[in-house]
Enquirer: 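Quick one: the structure is below, and I'll ask about it shortly.
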Amino acid sequence: MSKSPRRITILTGAGISAESGLGTFRDVGGLWSRHDWRDLATPRAFARDPGFVLDFYNWRRAAVRAARPNPAHLALARLERDWPGEVTLITQNVDDLHERAGSRAVIHMHGTHLRALCAACGHRWPAPEVMAPDDPCPACAAPRSRPDVVWFGEMPYHMDRIAAALEATDLFVSIGTSGTVQPAAGFAAAARAAGARTLSLNLEPSRNAAAFDDSRFGPAAEIVPPWVEELLASG
Ligand code: BJW
């Protein structure tokens, strides 16, 4: 690595939690190869069959509660703690493994399993372990509780903060994401257009591979910790 970057922006995806035992979406055997996303991850699917959608998320929430952070999550928490400049951590993941590893300021652009959202009034509250279609909203009592996650066709969260980070960053790093889903798939190109260097840490080349200046391939739990060590040694 040449000149040490001051501001670092990191985007993580399902691949960083794969070695914690949580499934990815688009790999062989991934969630969207076994389930049709149209039946599970759209507002229309929830309106059509809320019980089916909530059961899917109840199962996923239980898996998240049973999972533990892996060395990649721990290394990113260490980077946030020890890096002398700014580190912005954006995740597409709805699990809380970054927080449980010690990361303090995580931007959850696709929401979180741990919160419920009222589809009628927009109120948010901590998700119970099991959500059911007739659960009343604590604020308006409507039986329209859903997980506070971002489905296809919905606007991801915190886009203003993310745009500001991409504009200002010196180094953009993408970890464990296929580069398939917009707008996250465009972040590397946006950061590069604003003058950042871009690095991909992934099992294999992602769909947006052309947007990266450098790449390292391998399981996140193996390649992220040494990358963090190198960076801290250079800073
Ligand atoms: C490892 C590893 C290891 C494995 N170590 N690596 C046509 C029709 C309908 C919609 C669209 C359309 N064209 C465009 C759209 C928009 C749509 C979209 O992008 N669709 C495409 C798929 C076609 N996007 C949206 O609708 C988004 N909203 C939107 O665009 O609003 C308008 C807008 C415009 C402008 C600005 C801002 C907004 C919303 C997207 C919501 C995505 N929601 C989900 C579900 C969240 C809840 C849940 O978890 O159930 O988010 S879908 C799913 O995909 C989830 C993920 O966060 C997201 C990304 O997946 P990710 O993380 O990349 O996982 P994988 O499985 O794809 O990849 C894993 C990678 O890890 C692979 O590369 C592996 O190799 C690697 N890996 N093991 C390291 N051990």
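Here the structure is a predicted model, which is why all the values come from computation and not from measurement. Position 1 is the first residue of the sequence, and the numbers go up from there. In listed order, ligands and their atoms are each counted from 1.
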Enquirer: Classify the angle between the aromatic ring planes of Tyr57 and Trp151 as parallel (below 30°), tilted (30 to 60°) or perpendicular (above 60°).
Expert: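 Correct class here is tilted.
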Enquirer: Below 4.0 angstrom, N of the basic side chain to O of the carboxylate: do Glu230 and Arg216 qualify?
Expert: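 The answer is yes: the pair qualifies as a salt bridge.
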Enquirer: In this structure, which one of Val224, Leu89, Val228 forms a side-chain contact (heavy atoms from CB on, under 4.5 Å) with Leu79?
Expert: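 Running side-chain contact (heavy atoms from CB on, under 4.5 Å) over Val224, Leu89, Val228 with Leu79 returns exactly one hit, Val228.
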Enquirer: Taking the inter-plane angle between the rings of Trp125 and His123 on a 0 to 90° scale, is it parallel (under 30°), tilted (30 to 60°) or perpendicular (over 60°)?
Expert: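 Answer is parallel, since the angle falls under 30°.
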Enquirer: In terms of heavy-atom contacts, does CD of Gln182 have more than 12 from other residues, nucleotides or ligands at under 6.0 Å?
Expert: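 Above 12, so yes.
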Enquirer: Would you please write out the protein residues whose heavy atoms approach any atom of ligand 1 to under 4.0 angstrom, listed by chain and number?
Expert: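 Contacts of ligand 1 under 4.0 Å: Gly13, Ala14, Gly15, Ala18, Glu19, Thr24, Phe25, Arg26, Asp27, Trp32, Tyr57, Arg60, Gln92, Val94, His110, Val149, Val150, Trp151, Phe152, Gly153, Glu154, Met155, Pro156, Gly176, Thr177, Ser178, Thr180, Val181, Gln182, Pro183, Asn202, Leu203, Glu204, Gly218, Pro219, Ala220.
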Enquirer: According to the interplanar angle, ranging from 0 to 90°, do the rings of Phe172 and Phe212 count as parallel (below 30°), tilted (30 to 60°) or perpendicular (above 60°)?
Expert: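 Rings of Phe172 and Phe212: parallel, as their planes differ by under 30°.
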